[in-house]
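This report concerns only the one structure given below.
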Amino acid sequence: MEIVKIAALGMTGVLLAVFFRTVKTEYGVFIGIMTGFLIFWHTLQNLSLFMEEIQMLQWVVRQDNGFFSILLKVVGITYICEFCAGICKDAGYGAVGGQIEIFGKVMVLLTGLPILLSVIQTIQNFKG
């Protein structure tokens with residue numbers, strides 16, 4: 001039922017933002033940003049459930065190679081960059097939002113390099 005609450009919050013925020021944009025553009029942007037922050041805050045509070053499941057999965061796999069922490073970093077990078085880019089685009093700064101998305105993609109690539117190196121080493125070990 002959490003998704004219904006978030007969907008209602010999002011729709012209410014959008015409707016209010018559209019209404020206030022006709023009065024003053026700044027109010028619409030501000031309401032949109034605040035709605036996004038409220039949804040982001042709710043997501044962060046539910047992140048503890050996700051972390052518990054990841055820890056259980058890591059216990060089942062019983063490998064401490066750092067892949068799960070890399071996975072969490074990549075998810076965090078993508079979510080934060082998408083959120084910030086969306087805010088910039090909604091405010092009319094699409095170029096800035098695009099640059100944030102590009103930066104996020106580069107950071108995901110850099111964060112995931114240890115996994116790529118590990119896969120390459122595993123392939124080389126099977127060859128030899």
Side-chain angles (χ1 to χ4, degrees):
M1 294 311 284
E2 293 291 318
I3 189 67
V4 174
K5 291 178 189 176
I6 295 301
L9 175 65
M11 293 303 296
T12 304
V14 166
L15 291 174
L16 283 172
V18 167
F19 175 74
F20 279 105
R21 264 195 186 158
T22 58
V23 177
K24 278 210 167 216
T25 306
E26 305 87 39
Y27 293 160
V29 171
F30 179 71
I31 291 171
I33 290 171
M34 289 310 296
T35 302
F37 277 125
L38 287 172
I39 293 171
F40 183 69
W41 179 257
H42 191 271
T43 302
L44 288 178
Q45 289 184 346
N46 287 323
L47 193 61
S48 63
L49 299 172
F50 177 72
M51 292 299 294
E52 289 173 9
E53 293 297 322
I54 289 293
Q55 287 175 349
M56 184 181 298
L57 183 62
Q58 192 172 11
W59 182 77
V60 169
V61 174
R62 291 188 183 146
Q63 289 184 354
D64 191 36
N65 49 17
F67 290 160
F68 289 108
S69 65
I70 291 173
L71 174 68
L72 290 176
K73 287 177 187 176
V74 167
V75 168
I77 290 169
T78 55
Y79 188 75
I80 290 170
C81 286
E82 185 70 26
F83 181 72
C84 293
I87 289 174
C88 291
K89 289 178 181 179
D90 285 346
Y93 295 95
V96 175
Q99 292 300 316
I100 291 172
E101 288 175 345
I102 290 171
F103 178 76
K105 290 173 184 175
V106 169
M107 291 307 296
V108 165
L109 180 65
L110 290 175
T111 305
L113 277 177
I115 294 175
L116 178 63
L117 293 174
S118 176
V119 169
I120 290 172
Q121 288 176 348
T122 303
I123 291 172
Q124 286 179 341
N125 289 341
F126 282 132
K127 283 175 127 181

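There is a path of hydrophobic side-chain contacts, each under 4.5 Å, that joins Y27 to L16. Under a hydrophobic clustering in which Ile, Leu, Val, Met, Phe, Trp and Tyr are joined whenever their side-chain heavy atoms come within less than 4.5 Å, directly or via other members, V4 and L15 fall into different clusters. I77 and I70 fall within a single hydrophobic cluster, where Ile, Leu, Val, Met, Phe, Trp and Tyr side chains are chained together by heavy-atom contacts under 4.5 Å. The cluster map of Ile, Leu, Val, Met, Phe, Trp and Tyr, joined by side-chain heavy atoms under 4.5 Å apart, puts I31 and V23 in different clusters. By the criterion of side-chain heavy atoms lying less than 4.5 angstrom apart, applied directly or through intervening Ile, Leu, Val, Met, Phe, Trp or Tyr residues, L38 is not grouped with Y79; the two fall into different hydrophobic clusters.
Note that the CD1 atom of I120 and the CG atom of N125 stand 12.0 Å from one another [nearest 0.5 Å]. The structure places CD1 of I6 at 6.0 Å from OG1 of T43, a figure rounded to the nearest 0.5 Å.
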(message) Quick one, T12 with L9, criterion side chain to side chain contact (heavy atoms under 4.5 Å, CB included). Give me CA distance, side-chain angles, the key distance, then yes/no.
(response) CA-CA 5 Å; T12 304; L9 175 65; 5.7 Å; no
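Residues G13 and T35 come closest through the heavy atom pair CA-OG1, 3.3 Å. In this structure, E101 and A85 approach most closely via the heavy-atom pair CG-CB, 3.6 Å. Minimum heavy-atom separation, R21 to D90: NH2-O, 3.4 Å. Annotation for I100 and C88: closest pair CD1-SG, 3.8 Å, computed over non-hydrogen atoms.
Listed for the S118 side chain is no donor-acceptor partner under 3.5 Å among the backbone atoms of P114.
Checked against F103 for a side chain to side chain contact (heavy atoms under 4.5 Å, CB included), the options K105, Q99, M107 give a single hit: M107.
No more than 12 heavy atoms of other residues, nucleotides or ligands shown are found within 6.0 angstrom of CZ on F20. A 6.0 Å sphere centred on CZ of F40 holds more than 12 heavy atoms belonging to other residues, nucleotides or ligands.
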